[in-house]
There are 2 protein chains.
Amino acid sequence: MKKIKVLYAEDEPFLARIVFDGLSSSGYEVNLALDGQLAWMQFQENKPDICILDIMMPQKDGYTLAAEIRKSDPNIPIIFLSAKALTEDVVMGFKSGGNDYLKKPFSIDELLVRMESLLKRFGHTQKDETAMVRKYEFRSCELDALTQKLKTSVGEYSLSYKETILLELLLKNRNNILEREHALIKIWGEDSFYNGRSMDVFMAHLRKLLKTEPEIQIMSLRGVGYKLIC
Amino acid sequence: MKKIKVLYAEDEPFLARIVFDGLSSSGYEVNLALDGQLAWMQFQENKPDICILDIMMPQKDGYTLAAEIRKSDPNIPIIFLSAKALTEDVVMGFKSGGNDYLKKPFSIDELLVRMESLLKRFGHTQKDETAMVRKYEFRSCELDALTQKLKTSVGEYSLSYKETILLELLLKNRNNILEREHALIKIWGEDSFYNGRSMDVFMAHLRKLLKTEPEIQIMSLRGVGYKLIC
DNA sequence: CTGAAGATTTAACCTTAATTAACCGAGCTT
DNA sequence: AAGCTCGGTTAATTAAGGTTAAATCTTCAG
């Protein structure tokens, strides 16, 4: 099945990487543009199926870009990203042709949900199956991220939403580093003190659930992040 | 088939976006005007098939606008939107040439129903067939959203209006997140405390009806929304 | 116009996810 | 080794949502 092409215009490199990774691993083909001018060029070249535009960018701001894109293709869905959340911004975004408006910080899942709903509305009926199956086997355990069930050698548990996403993230990077900051932004949309502490608590939950498995271990790399050994 | 053109005059940007999206995705071609003056200009330019006018707007209020429009075209359906719900306002609305009157907050579906009924009355006979069929099969169940009937493995139930829309929304996003806020705005027109609680009650209804189906489950994602697993 | 049935909302009480707080220990820094 | 920061862990708190029942609003037959 052909991948859906996303044009993503964002000048903040750290955030850009996270979102890029998130979208890629959800099966989208992402073109990242680091400023508005580049974005416009990439748009003409790549003919994306959906655009995600940061408002504040060097060279050309998101509104102007959107208006240009809209003129060239009246039927492409556009999502704005913005740090500001003032009503006039929303109006502005709307006038220039945007279809949805996400205020930072946002989590990847929030963005994915909006994208899917817009794509559906604009008649892109993808949904490749791989994006729907979210099952992971590791050692004698199994996580079904859709139903939020974790099976270990001693039993089956129902996980909460955030526990599930966190474990899924660890599994996607199994035997590899999951950066703390990366996880925080993926799940909470921002890296703040309390979100960090909250994640620590979830980590403790997961460790408790998995401590029956001798071959599985969540290591922590001080100052960096975590590594799931399995 | 040619799209039906709607002139929508509304100065409240957040609502405007929601309604605009809702109408667009139902197959209408929408012209949004952010004040009464602009609306009048757009009316002359675009020759819409139906007008939806907010009462309170800068530059020119909805009544005055309606009267002008009515003078120019005696046969166009006009729907008023208003925060106030006093009888004299309704009278005023009808006097100035309106054909229907909706008080805020209203849900998109309510508006769609009124529009369709007015359009039919005024002889616009569009409505492509695909938009009319609202049947969903899932596992051993079946929902017909038009007749509001739900068939499960143990029997057939008549659902209420809101139960139906809620289940339909869940089904449209099956195995995916249905954002709580999104559902509230779709069904009730706004996201308030009591609407939220009301939705919870409907959710309990649906869960009760579906609890005979072992493979169907409505999961809740705290702080985010719901997910229908099937 | 009235009352009954059904739909929806409001209320009350309860469960649990998620956040915040508090306290602790391991490792890095100087 | 003292001091500091990061993260582990557990407990307390907050707030979202589940559930059930009562109140209210609608509709429609009689």
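Tested against B/Glu168 for a side-chain contact (heavy atoms from CB on, under 4.5 Å), the candidates B/Glu163, B/Arg134, B/Lys186, B/Gln148 yield a single pass: B/Arg134.
The stretch residues 172-179 of chain A has no heavy atom under 4.0 Å from DNA chain D, so no residue of it qualifies as close.
The interatomic distance linking A/Leu206 (CG) with D/dG8 (P) rounds to 12 Å, in whole Å. The distance from atom CD1 of B/Ile218 to atom P of D/dG17 is 14 Å, rounded to the nearest whole Å. Atom CD1 of A/Ile187 is separated from atom P of C/dA17 by 16 Å (rounded to the nearest Å). Distance CG (A/Leu184) to P (C/dA18): 15 Å, rounded to an integer number of Å. Counting to the nearest Å, the C1' atom of D/dG8 and the CZ atom of A/Phe193 are 13 Å from each other. Rounded to whole Å, atom C1' of D/dT20 lies 13 Å from atom NZ of B/Lys211. The CE-P distance, from A/Met203 to C/dA18, rounds to 15 Å in whole Å. Rounded to a whole Å, the CG atom of B/Asp200 is 13 Å from the C1' atom of D/dA15.
The structure places CG of B/Leu166 at 4.5 Å from CE of B/Met203, a figure rounded to the nearest 0.5 Å.
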Report task. Let me have a per-nucleotide readout for nucleotides 3-16 of chain C, 5' to 3', with B, S or -, counting only protein heavy atoms under 4.0 Å. Result -> ----SSBBSB---B
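B/Glu181 has its side chain within reach of B/Ile185: a pair of non-hydrogen atoms, C-beta onward, lies under 4.5 Å apart. Side-chain atoms of A/Trp188 and A/Lys162, non-hydrogen and from C-beta on, do get closer than 4.5 Å to each other. Contact of the B/Phe80 side chain with the B/Tyr63 side chain is registered, since non-hydrogen atoms from C-beta on lie closer than 4.5 Å. Within the 4.5 Å cutoff, the side chain of B/Leu34 has no heavy atoms near those of the B/Asp11 side chain.
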Query raised in the report: Would A/Leu112 and A/Leu23 count as a side chain to side chain contact (heavy atoms under 4.5 Å, CB included) if you check the C-alpha gap in whole Å, the side-chain angles of each, and the deciding distance to 0.1 Å?
Result: CA-CA 8 Å; A/Leu112 283 172; A/Leu23 296 184; 3.7 Å; yes
Requested in this report: Take A/Lys172 and A/Tyr136 through the test side chain to side chain contact (heavy atoms under 4.5 Å, CB included) and record every step on the way to the result.
Outcome: CA-CA 9 Å; A/Lys172 278 187 181 159; A/Tyr136 304 83; 3.5 Å; yes
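Look at B/Ser220 and you'll find a side-chain N or O under 4.0 angstrom from OP1 or OP2 of D/dG18.
Residue B/Tyr226 is classed as a sugar-phosphate contact, given heavy-atom separations below 4.0 Å to backbone atoms only.
Checking side-chain atoms of A/Glu10 against main-chain N and O of A/Leu15 turns up no donor-acceptor pair under 3.5 Å.
For the pair A/Val224 and A/Lys208, nearest-nucleotide mapping onto DNA chain D gives the more 5' position to A/Val224.
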